[in-house]
Novice: 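Handing you a structure now.
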Amino acid sequence: MADKMTENIDLETVKGFGEEWAHFDQSSLSPQEHQEQFDRYFKVFPWESLPKNSRGFDMGCGSGRWAQKAAEHVGMLHCVDASAPALDVTKRALKAFPQTQFHCTSVDHLPFEDGSQDFGYSLGVLHHIPDTQNALNTCVKKLKKGAPFLLYIYYAFDSKPWWFKAVWRLSDILRRGVYRLPFILRRQVTNIIAGLVYWPLARLSGLMAKLGLKVDNIPLSQYRHHSFYTMRTDALDRFGTKLEQRFTLAQIKNMMTAAGLKDLVHSPEAPFWCVCGIKE
């Protein structure tokens, strides 16, 4: 195995996500909200194009919330995560799905042959890996020709006005302090952020939307569709993570093209950006 110091992994970030998913294992997420979230992320994924008994992988499965739904559509799903505590959560979540296999490893050591998978996806993961392009290249190598790959990467607010980006820069200063806290304090601080920032802005935008007003540029307006449990989870995800990178839609598509994907299609709706491509 390669020297850990040279691998494409940030161990502090992996540790943080293991703590997050062990606490927010998504068991309190309602079935309706779970399905609605899944449908938003997979809006542009071509399920109908997959072969019968298709085999694929979830790179960075975390709590297994997406794998639970994806497993219903496929013949075999490889769930991969570098965090052992996170993978334990996934195993519990998918205990009713015998068509799943679990692999505790990094993107550098995906345990299947190049050109062997009928599909793949990685949602909210590759922007937490030091070399995102290289990680994407590795994932695409595992796909068969013509196989789809769905990618969700944090956006660089390229669809937002300047003041929105300025608000994010201020919030990022806060993140750089919060992620350094011990987990118990990190969790408490992000719970407060969820209660004092996420919930009010989400409910305000929800009310404005009902009145027929445009709310797309209200920060956190996408959470008007979500429960407070999801807000708490995502506040910890956002402010409690050491390594975070953001990309414009153009940059994401360029990376996907460079990795060997074509026919790129992106969802015009939140979460931004979800892009699907087909291996050349």
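Residue numbers run from 1 in the order of the sequence given.
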Novice: What is the minimum heavy-atom distance between Cys139 and Leu110, and which atoms define it?
Specialist: CA-CD1, 4.3 Å
Novice: Compare all side-chain heavy atoms of His23 with those of Arg232 and state whether any distance is below 4.5 angstrom.
Specialist: yes
Novice: What distance separates Cys61 SG from Gln68 CD, expressed to the nearest 0.5 Å?
Specialist: 11.0 Å
Novice: Please check: side-chain N/O of Gln35 versus main-chain N/O of Gln32, any donor-acceptor pairing under 3.5 Å?
Specialist: no
Novice: Evaluate Cys276 against Phe149 for side-chain contact (heavy atoms from CB on, under 4.5 Å), listing each step before the verdict.
Specialist: CA-CA 6 Å; Cys276 189; Phe149 188 80; over 6 Å; no
Novice: Are Phe17 and Leu11 linked, directly or through other ILVMFWY residues, by side chains that come within less than 4.5 angstrom of each other?
Specialist: no
Novice: If hydrophobic clusters are built from ILVMFWY residues whose side chains come within less than 4.5 Å, do Phe183 and Val14 share one?
Specialist: no
Novice: Is a side-chain N or O of Thr90 found less than 3.5 angstrom from the main chain of Gly62, in a donor-acceptor match?
Specialist: yes
Novice: Measuring from atom CG of Asp10 to atom CD of Glu244, what distance do you get when rounded to the nearest 0.5 angstrom?
Specialist: 12.5 Å
Novice: Return yes when atom CH2 of Trp163 has more than 12 non-hydrogen atoms of other residues, nucleotides or ligands closer than 6.0 Å, and no otherwise.
Specialist: yes
Novice: Should we say atom NZ of Lys43 is surrounded by more than 12 heavy atoms from elsewhere, each under 6.0 Å from it?
Specialist: no
Novice: Give a yes or no on whether Val80 and Val125 share a hydrophobic cluster (residues Ile, Leu, Val, Met, Phe, Trp, Tyr; joining criterion: side-chain heavy atoms under 4.5 Å apart).
Specialist: yes
Novice: Is the ring pair Phe57/Phe112 parallel, tilted or perpendicular, if the boundaries are 30 and 60 degrees?
Specialist: tilted
Novice: Given Asp172, which partner from the list Lys165, Arg246, Arg238 fulfils the salt bridge (Lys or Arg N to Asp or Glu O under 4.0 Å) test?
Specialist: Arg238
Novice: Within a strict 4.5 Å, meaning less than it, do heavy atoms of the Leu77 and Phe119 side chains meet?
Specialist: yes
Novice: Heavy-atom distance under 4.5 Å between the side chains of Asn53 and Met76, does that happen here?
Specialist: no
Novice: Counting N and O atoms only, with roles assigned by atom type, does the side chain of Ser30 sit under 3.5 Å from a partner on the main chain of Glu33, one being a donor and the other an acceptor?
Specialist: yes
Novice: Parallel under 30°, tilted from 30 to 60°, perpendicular over 60°: which one fits the rings of Phe239 and Tyr198?
Specialist: perpendicular
Novice: Between Leu87 and Phe102, which heavy-atom pair has the shortest distance, and what is it?
Specialist: CD2-CB, 4.0 Å
Novice: Do the side chains of Val44 and His266 get nearer than 4.5 Å, heavy atoms only?
Specialist: no
Novice: Would Lys242 and Glu12 count as a salt bridge (charged side-chain N to carboxylate O under 4.0 Å, His left out) here? Give the steps.
Specialist: CA-CA 7 Å; Lys242 175 191 173 187; Glu12 279 191 60; 3.6 Å; yes
Novice: Search all heavy atoms of Gly75 against all heavy atoms of Gln99 and return the closest pair with its distance.
Specialist: O-CB, 3.1 Å
Novice: Give a yes-or-no answer on whether the side chains of Trp273 and Asp158 include a donor-acceptor pair shorter than 3.5 Å.
Specialist: yes
Novice: Looking only at non-hydrogen atoms, find the nearest pair between Asp25 and Ser27 and report the distance.
Specialist: OD1-OG, 2.6 Å
Novice: Yes or no on side-chain hydrogen bond (donor to acceptor under 3.5 Å, both in side chains) for Gln26 and Ser63, after CA distance, side-chain angles and deciding distance?
Specialist: CA-CA 7 Å; Gln26 304 304 290; Ser63 65; 5.1 Å; no
Novice: Measure the spacing between NZ of Lys144 and CD1 of Ile278 and express it to the nearest 0.5 Å.
Specialist: 14.0 Å
Novice: Does Ile252 share a hydrophobic cluster with Leu136, counting links as ILVMFWY side-chain heavy atoms below 4.5 Å and allowing steps through other members?
Specialist: yes
Novice: Can you confirm whether more than 12 heavy atoms, excluding those of Leu213, are under 6.0 Å from its CG atom?
Specialist: yes
Novice: What I'd like to find out is whether the side chain of Arg187 reaches to under 4.5 Å of the side chain of Ile184, using heavy atoms alone.
Specialist: yes
Novice: Just by modelled atom types, is the Cys79 backbone N or O under 3.5 Å from a matching donor or acceptor in the Gln101 side chain?
Specialist: no
Novice: Other residues, nucleotides and ligands only: do more than 12 of their heavy atoms fall within 6.0 Å of NZ on Lys69?
Specialist: yes
Novice: Could you verify whether a donor N or O on one side chain and an acceptor N or O on the other, from His225 and Gln37, lie under 3.5 Å apart?
Specialist: no
Novice: With side chain to side chain contact (heavy atoms under 4.5 Å, CB included) as the test, pick out the partner of Thr190 among Asp234, Leu236, Leu181.
Specialist: Leu236
Novice: Closer than 3.5 angstrom, by distance alone: can the side chain of Arg224 be matched with the main-chain N or O of Ser221 as a donor-acceptor pair?
Specialist: yes
Novice: May I ask you to decide if the ring planes of His78 and His103 are parallel, tilted or perpendicular, using 30° and 60° as cut-offs?
Specialist: tilted
Novice: Indicate the ring-plane relationship of Trp47 and Phe45, choosing parallel, tilted or perpendicular according to the 30° and 60° boundaries.
Specialist: perpendicular
Novice: From Ser267 OG over to Arg40 CZ, what is the distance, rounded to the nearest 0.5 angstrom?
Specialist: 10.5 Å
Novice: Applying the 4.5 Å side-chain criterion to the ILVMFWY set and letting contacts propagate, would Val215 and Phe164 be lumped into a single cluster?
Specialist: no
Novice: Side chains of Tyr155 and Thr248, heavy atoms from C-beta outward: is any pair under 4.5 Å?
Specialist: no
Novice: Could you tell me if the ring centre of Tyr229 sits under 6.0 Å from that of Phe24?
Specialist: yes
Novice: Kindly check if the number of other-residue, nucleotide or ligand heavy atoms within 6.0 Å of CH2 (Trp199) is above 12?
Specialist: no
Novice: Could you tell me whether Arg186 and Glu20 have a side-chain N and a carboxylate O separated by less than 4.0 Å?
Specialist: no
Novice: Within the side chain of Lys262, is there an N or O that forms a donor-acceptor pair under 3.5 Å with the backbone of Gly277?
Specialist: no
Novice: Do the charged groups of Asp114 and Lys142 touch, with an N to O distance under 4.0 Å?
Specialist: yes
Novice: Check the angle between the aromatic planes of Tyr152 and Tyr154 and answer parallel, tilted or perpendicular using the 30° and 60° thresholds.
Specialist: perpendicular
Novice: Quick one: does any side-chain atom of His128 pair with a main-chain N or O of Leu243 as donor and acceptor, under 3.5 Å?
Specialist: yes
Novice: Do the two ring centres, one from Trp66 and one from Tyr121, sit under 6.0 Å apart?
Specialist: no
Novice: Assess whether side-chain contact (heavy atoms from CB on, under 4.5 Å) is satisfied between Phe247 and Asn254, documenting all intermediate values.
Specialist: CA-CA 10 Å; Phe247 302 88; Asn254 286 339; over 6 Å; no
Novice: Evaluate the side-chain proximity of Ser83 to Trp21: yes if any heavy-atom separation is below 4.5 Å, no if none is.
Specialist: no
Novice: Of all the heavy-atom pairs spanning His34 and Arg65, show the shortest one and how long it is.
Specialist: NE2-O, 2.6 Å
Novice: How far apart are the C-alpha atoms of Thr257 and Leu264, what are their side-chain angles, what is the distance that settles it, and do they pass the side-chain contact (heavy atoms from CB on, under 4.5 Å) test?
Specialist: CA-CA 8 Å; Thr257 300; Leu264 304 179; 3.7 Å; yes
Novice: Which atoms form the tightest heavy-atom contact between Thr241 and Arg175, and what is the distance?
Specialist: O-NH1, 2.8 Å
Novice: Does Ser106 use its side chain to pair, donor to acceptor, with the backbone of Ala82 at less than 3.5 Å?
Specialist: no
Novice: Taking Asp81 for its side chain and Cys104 for its backbone only, find out whether a donor-acceptor pair lies under 3.5 Å.
Specialist: no
Novice: Take Met255 and Ile153 through the side-chain contact (heavy atoms from CB on, under 4.5 Å) test and state the conclusion after the steps.
Specialist: CA-CA 11 Å; Met255 288 193 297; Ile153 288 186; 4.0 Å; yes
Novice: Using modelled atom types and a 3.5 Å cut-off, is there a donor and acceptor pairing between side-chain atoms of Gln245 and backbone atoms of Ile129?
Specialist: yes
Novice: Can you tell me how far apart CD1 (Ile9) and NE2 (His109) are? Round to the nearest 0.5 Å.
Specialist: 8.5 Å
